[in-house]
Colleague: 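This structure is in structure tokens; I'll ask about it shortly.
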Amino acid sequence: MSDAQQDREWIRRILAGDVQAERSLYDAHVDRIFRLACRMTGDPALAEDLTQDTFVRAFGKLGEYRGDGPFAGWLHRVATSVIFSALRKRKRIVEFEQATEDLSVYGTESKPGDPHLRDRIEKALDRLETNHRLAFVMHDLEGYTHQEIAQAMDTPVGTAKARLSRARTKLKSLLLPDLGEGGPSLEMDG
Amino acid sequence: MNREREFEQLVGRMRDETAPPATPRERMWEKIAAARAEERPVETPQTAVASRPVREARPWWRLAAAAVAILVLGVAAGRMLPREGAFGPAPVAENPVEEPAGQPAPQIAQAAPAPNGRTDDDLLYQAAAVRLFGQADALLTGFKTASCDPTEMEPVPGWANDMLTQTRLLLGAGRAAGAEQDSPLRQLLLDLELTLVQISGLTAEDCRQETEWIRAGMEKRSTVERVRLMAVAGTTRPL
């Protein structure tokens, strides 16, 4: 039985009230959703919340899945919606907090690796449009195919490719300013 | 060409630097299963009866709402009283109206200094703050474990908004009295204001996600614990 057939079987059982099938479907897809949420937010705790929310929403409206494409693509569309919504809210909350209080309690958790490089990378990723960032993260960091990205974004493959291309161009200009492409440099941001 | 190679190397490092941790499958599944169980209301006569005590076992919203109403009156009364001490001198009537003969003049609370040097205004401010923190404790403690069930969550933004008004009244009163900008009381009121702003903005559509956000913020700032400590401390000493 192929993965797609297995998904459809679990979905049929879930819709018939089989709770164990929910767990099976969850196990089959949770890693990719969690990793994507982590990469997009840079915050594992938030990624946990978003992954949970994605599955709760997906199970709740599973009846709307018509089976005319891979379930993984449909699930990723739900995840994308949840993640984008969280990113918008985080932006609003951070702006509010910056206006009202000391932000020193945030972002103080130490992480392994090169903090300078990570900081530059996170700043650069933050500067990308959310759709472009998603295309870059999915393709270049998580290894999704163009087809999968297009399904997750609910766009034609050409659009997904164009977003990836724009993301790469922008990242090059931000992270490799010394090689002559010009454009804004993160180093100039202090 | 060099540029492409360098970019590929950078992407490789990016992949490592931002690598997600292992997926916490079980922890997430427990929450998903709990949320799914909540969303599966089986309306049989037995479950309908069984569900009633659960709602009645959560009276904290009602307590908080009632207390907010009382607090509105308390703070409003405090702000309307003659000001003295920390709030400036009490106004003196230039043309006092004579009372009809035989009737005693109505008693008006005076902001006289208390034996410990604190004025009535100080005491009123403290009483209002202690009451606000007590009610905020009830609201936030309940909020930490509340579900997004519409019957439970629907009135919450309104109550949080009412409490937000009281918080801002106290912040304004403190500012008028020249309270220190970095005092623990003011910092806590600012934290509480932020939390209440977030709760008052809750929508049914994104309730689950927003509440998780708000709870995470409360956790980071230890808001509930600080509110509770201040509520207890304020009953025994000046804040």
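Heavy atoms only: backbone and side chains are in, while hydrogens, waters and symmetry mates are out. Just so we're on the same page: letters track the sequence lines, and every chain starts at 1.
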Colleague: Are A/Lys172 and B/Glu4 within salt-bridge range, i.e. N to O under 4.0 Å?
Modeller: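 Salt bridge present between A/Lys172 and B/Glu4.
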
Colleague: Quick one: do A/Arg39 and B/Glu17 make a salt bridge, cutoff under 4.0 Å?
Modeller: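 Looking at B/Glu17 together with A/Arg39, the answer is no, because their closest N to O distance does not fall below 4.0 Å.
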
Colleague: Could you check whether atom CD of B/Glu225 has more than 12 heavy atoms from other residues, nucleotides or ligands sitting under 6.0 Å from it?
Modeller: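 Yes, CD of B/Glu225 has more than 12 neighbouring heavy atoms, counting only those of other groups under 6.0 Å.
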
Colleague: Just verifying a value: how many Å separate B/Arg27 CZ and A/Thr51 OG1, rounded to the nearest 0.5 Å?
Modeller: 11.0 Å

Colleague: Please rank A/Val30, A/Asp140, A/Asp31 by heavy-atom pairs under 4.5 Å with chain B and give me the top one.
Modeller: A/Asp31

Colleague: Which label fits B/Trp29 and A/Phe59: parallel for a plane angle under 30°, tilted from 30 to 60°, or perpendicular past 60°?
Modeller: perpendicular

Colleague: Tell me the closest heavy-atom pair linking B/Pro24 and A/Phe34, and the distance in Å.
Modeller: CD-CZ, 3.6 Å

Colleague: For the CZ atom of B/Arg13 and the CG atom of A/Leu175, what is their distance to the nearest 0.5 Å?
Modeller: 11.0 Å

Colleague: For the atom pair CE (B/Met28) and CD (A/Gln52), what is the distance rounded to the nearest 0.5 Å?
Modeller: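 Those atoms lie 6.5 Å apart.
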
Colleague: Please tell me if the side chains of B/Pro20 and A/Pro44 come closer than 4.5 Å, counting only heavy atoms from C-beta onward.
Modeller: no

Colleague: Output the distance between atom CG (A/Asp53) and atom CD (B/Glu212), rounded to the nearest 0.5 Å.
Modeller: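 That separation rounds to 8.5 Å.
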
Colleague: If you tally heavy-atom pairs under 4.5 Å against chain B, which of A/Leu125, A/Val137, A/Leu46, A/Ile33 wins?
Modeller: A/Leu46

Colleague: Which heavy atom of A/Tyr26 sits nearest a heavy atom of B/Arg25, and at what distance?
Modeller: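 Shortest heavy-atom separation between A/Tyr26 and B/Arg25 comes out as OH-O, 2.7 Å.
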
Colleague: When heavy-atom pairs shorter than 4.5 Å are enumerated against chain B, which of A/Asp27, A/Leu50, A/Leu171, A/Val82 gives the highest number?
Modeller: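 Looking at each option in turn, the highest pair count goes to A/Asp27.
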
Colleague: Name the option with the most non-hydrogen atom pairs under 4.5 Å to chain A; the candidates are B/Asp16, B/Thr18, B/Val11.
Modeller: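 Option with the greatest count: B/Thr18.
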
Colleague: Checking heavy atoms, do the side chain of B/Leu10, its backbone, both or neither come under 4.5 Å from chain A?
Modeller: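 The side chain, not the backbone.
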
Colleague: More than 12 non-hydrogen atoms from neighbouring residues, nucleotides or ligands closer than 6.0 Å to CD on A/Glu9, yes or no?
Modeller: yes

Colleague: Would you please test B/Glu26 and A/Arg23 for salt bridge (Lys or Arg N to Asp or Glu O under 4.0 Å) and show each step?
Modeller: CA-CA 10 Å; B/Glu26 294 306 321; A/Arg23 176 63 200 248; 2.6 Å; yes

Colleague: About how many Å separate CD of B/Glu210 and CG of A/Asp49, when rounded to the nearest 0.5 Å?
Modeller: 12.5 Å

Colleague: Between CD1 of A/Ile121 and CE of B/Met14, what distance do you get to the nearest 0.5 Å?
Modeller: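 Rounded to the nearest 0.5 Å, the CD1-CE separation comes out at 5.0 Å.
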
